[in-house]
Amino acid sequence: MAAPKRGRSASAQSKPGRTLALILIAIVALTGGMFLSGHTTPRLGIDLAGGTSITLEAKAEQGSAINKANMDTAVDIMNRRVNGLGVSEAEVQTQGDRNIIVNIPKGTNSKEARDQVGTTAKLYFRPVLAQEATGGAAATSPSPSASGSSTASPSPSASKSGSTGEKATSSSSPSASATSQGRAVTDALKADSTPSASAKASSSASPSASASGGTGTSAADAKLQAQYTALDCSKKAQRNTAGDGAKPTDTTVGCGESSGVWYKYLLGPAAVDGTEVKKAQAVFDTQTAAGWQVTMNFNSKGAKKFADITGQLAKNTQPQNEFGIVLDGEVVSSPYVSSSITGGSAQISGSFTQDEAQNLANMLSYGALPLSFKEQSVTTVTAALGGDQLHAGLLAGAIGLLLVVIYLVAYYRGLSLVAMASLLVSGILTYVLMALLGPAIGFALNLPAVCGAIVAIGITADSFIVYFERIRDEIREGRSLRPAVERAWPRARRTILVSDFVSFLAAAVLFIVTVGKVQGFAFTLGLTTVLDVVVVFFFTKPLMTLLARRKFFASGSKWSGLDPKSLGAKPPLRRTRRPAPAHTKEA
């Protein structure tokens, strides 16, 4: 049985040409994707391309205090809203005791960011006491709906009525229908109805129902009557002020839209608070025609409250079995309840677009701000200084790259071609990925990120040097180039992986524990470190295997950088058979 050949690893039997073809195909595919997406240049940060700066002033409300703890919490929530992964280069920082500065780089949807950054996203679940279409329009289609389930695959235990006629009935003759459907409201709130309708409303309103409406005094009744009667939700000015100043324990009014029709609502005290929503996310319902939905999971306290309120509402008749999902004073949905919803999960559905569903889920997931904020000023930031800094940074990078190339040519000669080709591939991959990550995750290239890319030149060159020196060590031992390339790779590979792992770990820790511009540096450093491993394994090593078969390198040419004489190689290793020891035979 023949002994296996030594000195040749399994990689020697591989096909380096195929590996090179694969990485080149990947480069072409990524580059093509970059041009097809239309984003052929990386997004620049606010320090390089300018952007929008927003100044917000904190306002205390409902007993909240403007202190460092609340301001820091608000900064953290705002930063996550506008800078989800920490690489979009948006900056959120305090200024003084009451102001927060938000810097949004050019290329970011500044209008959307402005809508999100100061929004309190206060969510309440309130029982619906009365509901009418306003502006003289009648409902022609159902409003957004909500559903809940206690299982992983929810069934629509609670959903907005899909009946067009049912909604049309409650709005075509608002006052009369409110009475005929048995809404529990006080006489004062029915002052705008006909006399007979008011009498019916008075006779149908039970004491418990009146208590649920929160109308404890005649003065409060009169105020709510005036608000509800005068409210016209088809007018933006009135929508924006509906329910202002109402506490969660108060009965209030609100507006909600369904398929272009605005409705006004009389809403009871809040039964569930939005802070008890543990998680919210946008999902697309592939099983029904519901489209985009926002799913919510409650914490244990919220789940119990939600089960209690849905259980109570389920005992009432339509429409007093409805509850309003009120977001910042606007009723985004008013589903009816047929049974108690347990399990702590619910869905908000309606005519959501993907962006609308994701924005709503984003605000709900990041919670309510502890303070309210008023927009003080919005200014445009120029990038004149940043342009000069970018020019200086690119010049420094070019000088550093030139010095590296000069060193490689002077010391490694022919091997420098391998190093420069590898650097070129690494540079192309880095540029293409930065351009693609801009629209994908909002990555923006700032000055620290440019510094991270410059540092990556040294990290990448260091990997090549480790491998080249391992090969030269093997040649000094008297081996020819082809076995030297294969024997040097396992040892060089371990060193390269350990070195890159340490760099990546440092970048990851820096990314996690820092914020703002430093995260851009850490992200770029981590990205280029991963690309270094890819380039060395899938480009540098296969290329060296192919070049080892070429006469210029294999013969140890003086200009190849692998001349055995210049390296002080030992005489070729020759194996000699050891003489067998003599054994004395015993009789």
Side-chain angles (χ1 to χ4, degrees), residues 8-28 30-31 400-401 404-433 453-475 479-504 525-550 552-554 556-557 559-562 567:
R8 299 186 66 186
S9 65
S11 61
Q13 307 299 329
S14 64
K15 298 180 179 180
R18 180 180 300 177
T19 305
L20 287 174
L22 288 175
I23 191 171
L24 292 177
I25 290 173
I27 292 174
V28 172
L30 288 173
T31 305
L401 181 60
V404 170
V405 170
I406 292 175
Y407 170 79
L408 291 174
V409 171
Y411 192 74
Y412 290 106
R413 300 189 180 184
L415 285 178
S416 64
L417 297 176
V418 180
M420 286 187 286
S422 300
L423 283 172
L424 178 62
V425 170
S426 180
I428 292 174
L429 286 174
T430 301
Y431 181 87
V432 171
L433 287 178
I454 294 174
V455 171
I457 297 174
I459 295 176
T460 306
D462 182 62
S463 298
F464 306 150
I465 291 173
V466 169
Y467 186 30
F468 294 161
E469 287 301 321
R470 290 295 188 186
I471 296 174
R472 287 155 72 105
D473 286 342
E474 294 293 333
I475 293 176
R479 295 181 178 86
S480 58
L481 180 59
R482 291 185 66 176
V485 167
E486 301 306 328
R487 289 177 64 90
W489 174 241
R491 292 192 295 171
R493 179 179 58 201
R494 287 193 296 269
T495 305
I496 292 170
L497 287 175
V498 170
S499 176
D500 283 343
F501 176 76
V502 172
S503 296
F504 183 82
L525 182 61
L527 175 66
T528 51
T529 300
V530 173
L531 290 179
D532 175 52
V533 175
V534 173
V535 171
V536 171
F537 275 69
F538 295 97
F539 185 81
T540 307
K541 168 57 175 59
L543 184 60
M544 278 302 306
T545 300
L546 289 177
L547 292 180
R549 302 171 184 176
R550 299 295 181 265
F552 176 76
F553 288 95
S557 172
W559 296 100
S560 66
L562 297 170
L567 297 175

Are any of the side-chain heavy atoms of E486 and K541 separated by less than 4.5 Å?
yes
Within a radius of less than 6.0 Å around CZ of F552, do more than 12 heavy atoms belonging to other residues, nucleotides or ligands occur?
yes
Gap between atom CZ of F468 and atom OG of S463 - 0.5 Å precision:
10.5 Å
Would you name the heavy atoms of A419 and L408 that are closest together and state the gap between them?
CB-CD1, 3.6 Å
Distance, nearest 0.5 Å, that separates CG of L547 from CZ of F553
5.0 Å
Between F504 and G526, the two heavy atoms sitting closest are CD1-O, 3.7 Å
Hydrogens and angles aside, do T19 and K15 bring a side-chain donor and acceptor to less than 3.5 Å of each other?
no
So do I471 and L481 actually touch side chain to side chain, heavy atoms under 4.5 Å?
yes
Once rounded to the nearest 0.5 Å, what's the spacing between atom CG of L562 and atom CD1 of I475?
4.5 Å
Flag the pair T540 / F464 as yes when at least one side-chain heavy-atom distance between them is below 4.5 Å, and no otherwise.
yes
Quick one: closest heavy-atom pair of S422 and F539, and the distance?
OG-CD2, 3.5 Å
For D473, side chain to side chain donor-acceptor pair (under 3.5 Å) partners two or more places apart:
R476
Residues which pass side chain to side chain donor-acceptor pair (under 3.5 Å) with T460, listed by chain and number, not counting sequence neighbours:
none
Determine which pairs satisfy salt bridge (Lys or Arg N to Asp or Glu O under 4.0 Å) with at least one residue from residues 488-504, sequence neighbours left out, and list them in order.
E474-R491
What heavy-atom pair brings L525 and T528 nearest, and what distance separates the two atoms?
O-OG1, 3.0 Å
Tightest non-hydrogen contact, residues R470 and A492, listed as CG-CB, 3.7 Å
CD1 on I496 to CD1 on I465, rounded to 0.5 Å:
11.0 Å
Once side chain to side chain contact (heavy atoms under 4.5 Å, CB included) is applied, do any residues pair with S480, and if so which ones, sequence neighbours excluded?
P483
Decide whether T529 and S503 meet the rule of one side-chain donor and one side-chain acceptor closer than 3.5 Å.
no
State, to 0.1 Å, how close A548 and V485 come at their nearest heavy-atom pair, and which atoms those are.
CB-CG2, 3.9 Å
So how far is it from L531 CG to I459 CD1, rounded to the nearest 0.5 Å?
11.5 Å
Partners passing side chain to side chain contact (heavy atoms under 4.5 Å, CB included) against V432 (at least two apart in sequence or in another chain)
L30, T31, M34, I428, L436
Drop me the distance from Y467's OH to D462's CG, to the nearest 0.5 angstrom.
15.5 Å
Does atom OH of Y412 have more than 12 heavy-atom neighbours from other groups under 6.0 Å away?
yes
Test of understanding: with side chain to side chain contact (heavy atoms under 4.5 Å, CB included), list the residues that count as partners of L546, not counting sequence neighbours.
P16, L20, R549
